[in-house]
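Take a look at the structure below.
Each chain gets a letter, A, B and so on, in the order its sequence line appears, and its residues count up from 1.
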Amino acid sequence: MTAAYLDRLNPEQRQAVETLEGPLLVLAGAGTGKTRVLTTRFAHILMTGRAAPHQVLAVTFTNKAAREMRERVGAILGAPIEGLWLGTFHALAARMLRRHAELAGLKPDFTILDADDQLRLLKQVAEGAGLDTRRWPVAGLMGVIQRWKDRGLTPERVTPAEDSDFANHRARELYAAYQERLRALNAVDFGDLLLLVTEILRTETEVLARYHRLFRYILVDEYQDTNLVQYLWLRLLAQGHGNICCVGDDDQSIYSWRGAEIENILRFEQDFPGARIIRLEANYRSTRHILGAASGLIAHNAGRLGKTLRVGGSAPEGERVRILSLWDSEEEARAVGEAIEAAQRAGESLAGMAILVRAGFQTRSFEERLITLGIPYRVVGGAKFYERQEIRDAIAYFRATVQPADDLAFERIVNLPKRGLGEGAIREMQALARREGLPLMLAADRLCSEGGLRPKPRAALRELLEGFIRWREGLAREGHVVVASAILEESGYLEMWRQDRSPEAAGRVENLKELLRAMADYPTMQAFLEHVALVMENDEAAEGERVSLMTLHAAKGLEFDRVFLPGWEEGLFPHQRALEEGGLRGLEEERRLAYVGITRARRHCMISHAANRRIHGAWTSTVPSRFLEELPEEHVERAGSAAAARLAAPGLAPRFPLAARPPRPIEAAAWEVPARPPRQAALSVGQRVFHQKFGYGRITAVEDDKLDIAFEKAGPKRVLDRFVEPA
DNA sequence: AGGTTAGTAATTTTT
DNA sequence: TTACTAACCT
């Protein structure tokens with residue numbers, strides 16, 4: 001008997017679903033049906049009765065992926081399922097940690113701090129320890145601490161030898177002090193969730209044994225992006241039965257700078273003895289040329305498990321990947337804009353197009369261009385709803401209401417809106433709090449009743465404190481939504497923005513209203529706050545007919561009919577800092593990023609580089625990315641106006657030295673961007689021409705580099721001269 | 001206490 | 001160039 005859901009799989013996918021016992025690594029290339037395998041496997045485990053829903057641990061990196069898996073498994077089973085251990089690494093770790101909080105010196109209702117709180121707290125700690133935070137910015141220290149946490153190192157486990165150069169080897173000491181402060185506040189940061197849980201599983205054999213009895217199967221998504229502590233956590237949980245299935249693609253590992261270790265996936269067979277590896281290589285997304293270009297590029301990487309994508313479905317040959325060489329970033333933006341317009345005129349949907357950039361600042365020139373052309377777009381990524389200032393402020397009010405001991409929250413809003421409580425007043429409160437071992441809010445209360453501070457600030461502070469008491473009482477009586485609304489009104493916070501006449505103020509008021517609406521979906525304030533801490537939903541602007549603009553990192557996992565990859569220049573892509581900090585490894589990661597970019601495209605892919613670009617305000621000449629040379633000739637087609645670039649640039653030193661490690665001189669070849677003559681002088685009205693997409697036609701008008709052409713099949717169109725050739 | 005100005009640094013950011 | 005931070009002035 002074979003179930004219908006198995007029939008929808010190809011042989012390799014099916015094998016990946018049906019190989020249930022023992023460790024399994026599914027190497028899933030881009031577009032090979034990874035999610036389908038993962039969800040079908042999950043459903044298969046349940047359908048065959050090998051485990052109850054709560055006995056499967058399914059881990060993803062993003063909430064989006066978790067949600068998708070939940071929905072799709074539910075769809076296969078025909079009913080939504082409850083009680084699953086399905087979620088992100090962080091959400092699952094938080095769930096475990098709340099059960100065993102006391103083993104980590106915490107109470108079960110601990111607060112989860114976000115990046116902003118973390119930094120403020122660490123800054124306090126560092127300054128308290130007498131660190132000169134100008135010379136040693138705390139952001140750097142936070143990086144050091146997070147990398148330690150990523151590696152499963154508690155302060156005790158950090159050896160003196162591993163204490164970095166930061167602040168004359170004081171990082172370890174500051175890390176310990178920071179952890180102590182967190183514990184005192186009954187708070188953890190994101191890194192702690194996995195660090196502390198793993199530490200518990202390592203040392204408390206009873207607890208570990210409980211989870212061994214609980215979980216019969218473990219499923220892991222995006223395994224190439226796991227860091228060491230996530231790996232340790234998984235390995236501990238998989239001990240014994242060893243039924244762990246990790247899905248991933250070493251060629252898409254692009255988060256090393258966040259602590260991800262590609263070695264985890266490369267080492268899988270050694271880590272999990274008896275492991276099987278199944279490769280998914282049939283790609284159902286892209287055309288042959290796109291796959292060929294991507295494969296040819298990634299073949300330049302040395303550290304790979306190796307797999308070869310092949311066309312899985314009945315995809316047409318398609319067109320070659322187009323490489324455009326342009327004079328400067330403005331021409332690049334224009335070229336992309338025109339290509340979008342042309343595609344749109346040919347009937348393509350804007351929703352199927354994306355511009356994928358290496359760094360956020362690159363979106364600006366494209367946005368400007370798209371605005372000029374009147375093409376709707378959306379920038380994906382950017383400021384997330386719950387990261388916006390006004391939302392974080394409001395949440396600080398809510399947190400301080402629910403959790404009077406939440407010093408960080410209280411401190412954030414105590415003088416917001418301005419209540420005349422300056423640095424001096426806050427310092428006084430902190431001093432008292434520390435002296436008496438009180439939460440900040442209680443210290444403030446004491447200060448008021450004992451007549452501290454000057455009359456005016458004291459009155460303001462007292463009013464705020466009375467507000468908190470009132471709001472806290474109101475929670476039980478009136479419900480959290482009513483109270484939340486009262487908080488924003490009575491505290492004067494909402495009014496502050498209403499009075500604000502800056503252009504974004506109105507939007508902030510709207511956002512706050514939206515926050516109140518969102519709150520109604522949760523039963524209590526606590527439930528809502530837990531959601532906020534862990535599930536920072538990225539409220540994507542409604543889909544719709546828009547071009548997407550985002551970074552390459554943000555594009556992982558997505559696909560588009562038509563993809564634009566601008567800015568392929570040495571220094572920008574591969575990025576200079578990636579090379580400086582990562583050497584050859586850094587270069588390979590950049591190459592993987594390029595691979596991710598190309599494989600996002602279903603049918604059309606245009607890569608471009610500009611010979612001149614404004615960097616930090618100054619015009620700089622650039623060198624084409626080495627990745628351009630690594631694309632196999634038979635899958636690309638080169639064009640563009642950059643002949644001029646070749647003439648102008650060689651005399652100028654490139655702003656970014658070419659060398660990664662080992663240093664590589666600028667080869668003459670780097671400048672040999674095969675380009676067609678920039679302007680095809682031979683084109684004039686009346687001439688018969690050929691266009692790649694529209695076929696043959698006759699020129700009816702010429703305007704700059706745009707031609708009006710009456711095509712024989714496609715009708716009248718306006719196209720760029722570089723897209724046509726004399727017939 | 002709070003606004004203003006000078007100096008400095010500039011990738012990527014699933015939670 | 002811009003955006004953010006820290007000293008500086010009112």
Looking at every strand, decide which applies to [X] at a 4.0 Å heavy-atom threshold: base, sugar-phosphate, or nothing.
{"X": "G191(A)", "result": "nothing"}
{"X": "G360(A)", "result": "sugar-phosphate"}
{"X": "N415(A)", "result": "sugar-phosphate"}
{"X": "F89(A)", "result": "nothing"}
{"X": "K64(A)", "result": "nothing"}

Q. Within a reach of under 6.0 Å around CZ of R98(A), are more than 12 heavy atoms found that belong to other residues, nucleotides or ligands?
A.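 Yes, enclosed.
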Q. Around atom CZ of R364(A), are there more than 12 heavy atoms of other residues, nucleotides or ligands at under 6.0 Å?
A.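 No - once you tally the heavy atoms of other residues, nucleotides and ligands closer than 6.0 Å, there are 12 at most.
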From [options], pick the nucleotide closest to the side chain of [X]?
{"X": "T62(A)", "options": "dT13(B), dT11(B), dT15(B)", "answer": "dT15(B)"}
{"X": "L534(A)", "options": "dT12(B), dT11(B), dT15(B)", "answer": "dT15(B)"}
{"X": "W257(A)", "options": "dT12(B), dT15(B), dA10(B)", "answer": "dT12(B)"}
{"X": "K418(A)", "options": "dT13(B), dT15(B), dG2(B)", "answer": "dG2(B)"}
{"X": "A554(A)", "options": "dT15(B), dT13(B), dT11(B)", "answer": "dT13(B)"}

Calculate the interatomic distance between [X] atom [atom1] and [N] atom [atom2]; express it in whole Å.
{"X": "N227(A)", "N": "dT13(B)", "atom1": "CG", "atom2": "P", "value": "18 Å"}
{"X": "I262(A)", "N": "dT12(B)", "atom1": "CD1", "atom2": "P", "value": "21 Å"}
{"X": "L565(A)", "N": "dT12(B)", "atom1": "CG", "atom2": "C1'", "value": "15 Å"}
{"X": "K556(A)", "N": "dT13(B)", "atom1": "NZ", "atom2": "C1'", "value": "12 Å"}
{"X": "R585(A)", "N": "dT12(B)", "atom1": "CZ", "atom2": "P", "value": "21 Å"}
{"X": "I254(A)", "N": "dT12(B)", "atom1": "CD1", "atom2": "C1'", "value": "8 Å"}
{"X": "D500(A)", "N": "dG3(B)", "atom1": "CG", "atom2": "C1'", "value": "15 Å"}
{"X": "L593(A)", "N": "dT13(B)", "atom1": "CG", "atom2": "C1'", "value": "13 Å"}

Do [X] and [Y] touch side chain to side chain, with heavy atoms closer than 4.5 Å?
{"X": "I218(A)", "Y": "W85(A)", "result": "no"}
{"X": "M429(A)", "Y": "L461(A)", "result": "yes"}
{"X": "R626(A)", "Y": "E590(A)", "result": "no"}

Q | Toward the 5' end of DNA chain B, by each residue's nearest nucleotide, R358(A) or G420(A) | A |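 That would be G420(A).
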**Q.** Residue whose closest nucleotide on DNA chain B lies nearer the 5' end, H553(A) versus A425(A)
**A.**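 On the 5' side of the pair lies A425(A).
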Q | Side-chain N or O of T551(A) closer than 4.0 Å to phosphate OP1/OP2 of dT13(B) | A |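 Checking T551(A) against dT13(B): at least one side-chain N or O falls below 4.0 Å of OP1 or OP2.
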Q: Just do the side chain to side chain donor-acceptor pair (under 3.5 Å) check on D225(A) and Q230(A) with the steps written out, would you?
A: CA-CA 10 Å; D225(A) 288 333; Q230(A) 288 162 338; over 6 Å; no
Q.
Looking at every heavy atom in both A594(A) and L297(A), which two are closest together, and how far apart are they?
A.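 In terms of heavy atoms, the two residues are closest at CB-CD2, 3.5 Å.
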Q | Protein-to-nucleotide contact annotation, 5' to 3' order, nucleotides 1-10 of chain C [B base; S sugar-phosphate only; - none; under 4.0 Å, heavy atom] | A | B----SS---
**Q.** Test log, rule side chain to side chain donor-acceptor pair (under 3.5 Å), inputs R378(A) and S548(A)
**A.** CA-CA 5 Å; R378(A) 63 173 177 152; S548(A) 298; 3.1 Å; yes
